[in-house]
Amino acid sequence: MRLAISTGGGDAPGLNAVIRAAVLSAINRGWDVCGIKRGFAGLLGEDEVVPLTRESVRGIAHLGGTILRTTNRGNPFHYPRVQSDGSIIEEDRSDELIDNARRLGIDAVISIGGDGSLTIAKLLCDRGMKVVGVPKTIDNDVSGTITTFGFDTAVNTALDAIDKLHTTAESHDRVIVLEVMGRDAGFIALHSGLAGTADVILIPEIPYDISKVCEKIQARDRAGRHFSIVVVAEGAFPRGGTVSLIGESLPGESRRLGGLCEPIAREIQQRTGKETRSLVLGHLQRGGMPTGYDRLLATRFGGAAVRAVADGKWGHMVALQSPHIVTIPIEDALREPKRVDPRHDVVLTARATGISFGD
Ligand code: F6P
């Protein structure tokens with residue numbers, strides 16, 4: 001068995017722990033393992049396919065990022081090509097990719113990625129490639145698994161920021177609006193906001209009304225709490241409005257969400273008269289050491305993915321369905337993206353403890 005491993009899409013803390021667990025599990029079965037660099041681009045003439053040995057994965061479980069590198073613009077079915085006039089077209093290079101994998105003697109692939117990479121994995125499987133998926137995203141927006149590695153680390157990074165912002169906001173009687181990642185899901189904002197006892201949490205699943213946000217801040221002011229912390233998910237939007245986008249996306253890239261915390265801060269200051277500042281936490285949430293929870297989950301996913309390969313579970317992905325790691329068809333996970341359920345106990349408890357969702 002020659003097993004290849006690839007990491008695609010945005011990085012997430014825990015990727016290296018998956019790689020390590022998969023490589024060691026495979027080597028201990030007597031398999032040969034290689035890594036495809038930069039998502040699937042390593043099979044399309046860009047960069048390379050490298051051997052993965054015990055030495056290559058030594059001492060990497062605690063490191064953020066991915067030793068295999070990654071890309072969010074490497075979809076082989078829509079691969080960007082720059083033309084001589086500078087314009088960019090997209091090509092279907094999946095046949096070339098499958099031929100190259102065959103030529104390199106690759107028997108099976110473990111594809112670690114979010115919904116985009118899992119969709120690619122499923123399409124490659126439909127074309128006869130033997131692929132097992134491992135879900136990855138800090139956004140926690142993949143269905144079929146209770147959570148994904150990277151999410152807990154991102155929540156802890158956001159929580160650390162909220163804790164620090166609290167002390168300075170309180171000292172200055174300020175409102176501080178913190179923007180966190182999550183794409184179209186509000187999990188990072190909700191979990192960090194509740195754990196960090198924010199005063200307002202704005203998420204895409206509950207469109208907000210800015211006047212309700214200001215009412216909450218003013219009510220706190222009247223009660224002698226002269227500061228407020230507002231946690232905003234990058235994909236949040238006002239009732240009847242649309243999401244905020246930052247600049248142009250590159251060809252093949254998803255739209256870039258965000259940039260809403262400063263306009264929200266300006267509006268709060270204008271309407272309440274309270275000094276209001278904003279902060280975009282950005283890619284800090286994707287970096288750094290995975291938490292113990294994420295490291296363990298990632299390691300369990302890596303081991304389970306190799307078992308799924310041994311069992312020939314092509315087109316399946318590993319998933320956490322506590323207390324077990326199971327395998328489920330990738331298409332089941334992709335049917336509907338996971339979103340915050342506004343009736344979930346986390347939302348109910350947030351409301352019950354006085355947090356406003358601006359609705
Ligand atoms: O999906 C993970 C994520 O970090 C999102 O939360 C965010 O919208 C996006 O990726 C940012 O991607 P990039 O690093 O490509 O701008």
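Order of appearance sets the numbers: ligands from 1, and atoms from 1 within every ligand. None of these values were measured; they are calculated from a predicted model. The first residue of the sequence shown is numbered 1, and numbering continues consecutively from there.
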> Of the protein's non-hydrogen atoms, which lies at the shortest distance from atom 6 (O) of ligand 1, and what is that distance?
Replying inline: Asp139 OD1, 2.7 Å

> What part of Ile188, side chain, backbone, both or neither, has a heavy atom within less than 4.0 angstrom of ligand 1?
Replying inline: neither

> Which protein heavy atom lies closest to atom 9 (C) of ligand 1, and at what distance to 0.1 Å?
Replying inline: Arg183 NH2, 3.5 Å

> Going from CZ on Phe151 to CD1 on Ile146, what distance comes out if it is rounded to the nearest 0.5 angstrom?
Replying inline: 12.5 Å

>> Ignoring hydrogens, what is the shortest heavy-atom contact between Gly258 and Ser244? Give both atom names and the distance.
In response: O-OG, 2.6 Å

>> Using a 6.0 Å distance limit plus a 45 degree cone around the ring axis, check whether Arg220 lies over the aromatic ring of Phe227.
In response: yes

> Once you round to the nearest 0.5 Å, how far does CD of Glu91 lie from OH of Tyr79?
Replying inline: 10.5 Å

> How far is atom 15 (O) of ligand 1 from its nearest protein heavy atom, and which residue and atom name does that atom have?
Replying inline: Asn72 ND2, 2.6 Å

> Counting each atom of ligand 1 from 1 as listed, which ones have a heavy atom of His283 under 4.0 Å away?
Replying inline: 13 (P), 14 (O), 16 (O)

> Any luck finding a side-chain donor-acceptor pair between Thr168 and Ser171 under 3.5 Å?
Replying inline: no

> How long is the gap from OG on Ser94 to CG on Asp126, to the nearest 0.5 Å?
Replying inline: 11.0 Å

>> Which residue and atom name correspond to the protein heavy atom nearest atom 10 (O) of ligand 1, and how close is it?
In response: Arg286 NH1, 3.1 Å

> Would Leu257 count as a contact of ligand 1 if the rule is a heavy atom under 4.0 Å away?
Replying inline: no

> At a 4.0 Å cut-off, with the gap strictly under it, does some heavy atom of Gly182 reach an atom of ligand 1?
Replying inline: yes

>> Any carboxylate oxygen within less than 4.0 angstrom of a Lys/Arg side-chain nitrogen, looking at Asp32 and Arg2?
In response: yes

> Would one find an N or O of Arg256, backbone or side chain, under 3.5 Å from an N or O of ligand 1?
Replying inline: no

> Does the N or O separation between Glu234 and ligand 1 drop below 3.5 Å for any pair?
Replying inline: yes

